[in-house]
Protein chains: 2
Amino acid sequence: MKECKYIGLCSICCCENKPSLFNGLSEDDFDELHSERKEISFKPGEIIFKQGTALTHFACFREGFAKIYYERPEGSNILVNIVGSGYLCESMGMFTDNIHHLTTQALTTVKLCLIATKNFDALLRSNQEMAIELISMKNKQSINLTTKLANLTYKNMAGRVADVLLYLRNDIYKADEFVLNLSRQDLADLAAMSKESFIRTLKEMRDAGILEVHRDDVKIIKLRELKQLSAN
Amino acid sequence: MKECKYIGLCSICCCENKPSLFNGLSEDDFDELHSERKEISFKPGEIIFKQGTALTHFACFREGFAKIYYERPEGSNILVNIVGSGYLCESMGMFTDNIHHLTTQALTTVKLCLIATKNFDALLRSNQEMAIELISMKNKQSINLTTKLANLTYKNMAGRVADVLLYLRNDIYKADEFVLNLSRQDLADLAAMSKESFIRTLKEMRDAGILEVHRDDVKIIKLRELKQLSAN
DNA sequence: ATTAATGATTGACATATATCAATATATAAA
DNA sequence: TTTATATATTGATATATGTCAATCATTAAT
């Protein structure tokens, strides 16, 4: 890793998890943004952004994991994704209605920086590279949402549970063996099913020797078969 | 309507359905874009953009309706939305992988303008207003996708059918009585269910006096009850 | 150590929804 | 007009999934 004057301060630096959004910024612009930030720490379970409230700052994740979910009026949630270091969170409110459209809640201890949207607005207006990077980011998110929509509405339970496990393996824990920091209800919300059904399907996979599961410890044994289930 | 030199030429003019995206453009920039456009006409059933192919142009809808859907490997489709005059279509490929991630197919005769993405790129880089408008557009689409995801995964059939009818009433035909230019399969794809189930649920609503339906003619009689069904 | 509280697991059961097959209706072709 | 073709509708049936209640495991509190 190259030497960096921001080290230890914040993830919006020149280091590993710098969001690509900041790539095109001049050093002056970046320093300005950096100096305006507020570093905050959240404990597990704490709400970072609440759906329906005003969007005044966006969050830039430094450490830890959070879940992002849509709260339905009837109480059931749909868990949209799990996010960690490098993620930029604005809950789709930017340049629309300045309202958070999703709730973000800490799963582990979370450290992040808050940057006022008004600081960001000004910068965005003077910096085309950043605007284009943001459009790119938004389009990628839309592509994800669309495939999620198709998978959740058309796949059977086994396929949806397999998708959740593959998502955790590939995108979150990046290993075949991991310790969950999500409840069974969270996992069910991610697969759009009841927690009982999720547990039952998980058990079937365990019985088939595809996984080892004990409470929060998960180990994927037969990746090929898991992928097979995901593909139907 | 104010006088306009573009009248009769193309929807990306100063008239009614000018996409908000073009609001911030200078007259010179706009004329440039306008002169580079290609006006094309499609017949009902024709594919305008095919999922998986290269994104070289984006489309600006002038007249008629098209359906936009995601094609699943197994053959089932999920119909994302119906679009008409003023809609700007780039299938989420812009600034990502330059691939169409959705298929767009004409439902009626469709007239639209094609604008090369490279012309657009250059303009976007020099025009902050347009970039911000595009981000706004993208965020609105994401909000839509998220509520659709929640509704399609958690509502029962009656609720989903009611949602489809309300969508057609409010956003597409803008009237309580309309003639569909969608097949029953299309409607089912919009509600994420089988066409038989859609037909049966529709029949129940007809029997309950909420609607009058005969083939493609639909009339909403009891709007209040339809909204009630949508809310569960 | 005992109790309480929370989340996970299992079982029994009801039901919403898909599937398959048959028929009807409308549209196009001859 | 008659036939062919596509789409819509209805019916019977199977099954995937949710719901409710009971039990178990784990952690926190006293």
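What you see is a predicted model, and the numbers here were worked out from it, not measured in a lab.
- Between B/Asp176 and B/Lys219, none of the side-chain N atoms (NZ, or NE/NH1/NH2) sits under 4.0 Å from a carboxylate O, so this pair counts as no salt bridge.
- Atoms CG (B/Asp216) and P (C/dA26) sit 11 Å apart, rounded to a whole Å.
- Atoms CD (B/Gln185) and P (C/dT19) sit 11 Å apart, rounded to a whole Å.
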Nucleotide-resolved protein contact map, nucleotides 11-24 of chain D, B/S/- at heavy-atom distance under 4.0 Å: BB----SBBB----
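- Counting only N and O atoms by type, the side chains of A/Gln51 and A/Tyr70 include no donor and acceptor under 3.5 Å apart.
- One interatomic measurement links the two molecules: CG of B/Leu182 to C1' of D/dT7, which rounds to 14 Å at whole-angstrom precision.
- Across the protein-nucleic acid pair, B/Arg184 atom CZ and C/dT25 atom P stand 14 Å apart, rounded to whole Å.
- Atom-to-atom, CG of A/Leu180 to P of D/dT26 comes out at 16 Å; the value is rounded to the nearest Å.
- Residue A/Leu187 contributes atom CG, which lies 14 Å from atom P of C/dG7 at whole-angstrom precision.
- With respect to B/Glu196 and B/Arg184, no salt bridge is recorded, no charged nitrogen being found less than 4.0 Å from a carboxylate O.
- The nearest whole Å value for the distance from the CG atom in B/Asp217 to the C1' atom in D/dA8 is 14 Å.
- We find that CD1 of B/Ile199 is positioned 18 Å from P of C/dA22, with the value rounded to whole Å.
- Using bins of under 30°, 30° to 60° and over 60° for the plane-to-plane angle, the ring pair A/Phe22/A/Phe120 lands in the perpendicular bin.
- Considering all non-hydrogen atoms of both residues, A/Ala59 and A/Leu112 come closest at CB-CD2, 4.0 Å.
- Evaluated for a side chain to side chain contact (heavy atoms under 4.5 Å, CB included) with A/Asn181, the options A/Ile172, A/Asp216, A/Thr108 yield exactly one hit, A/Thr108.
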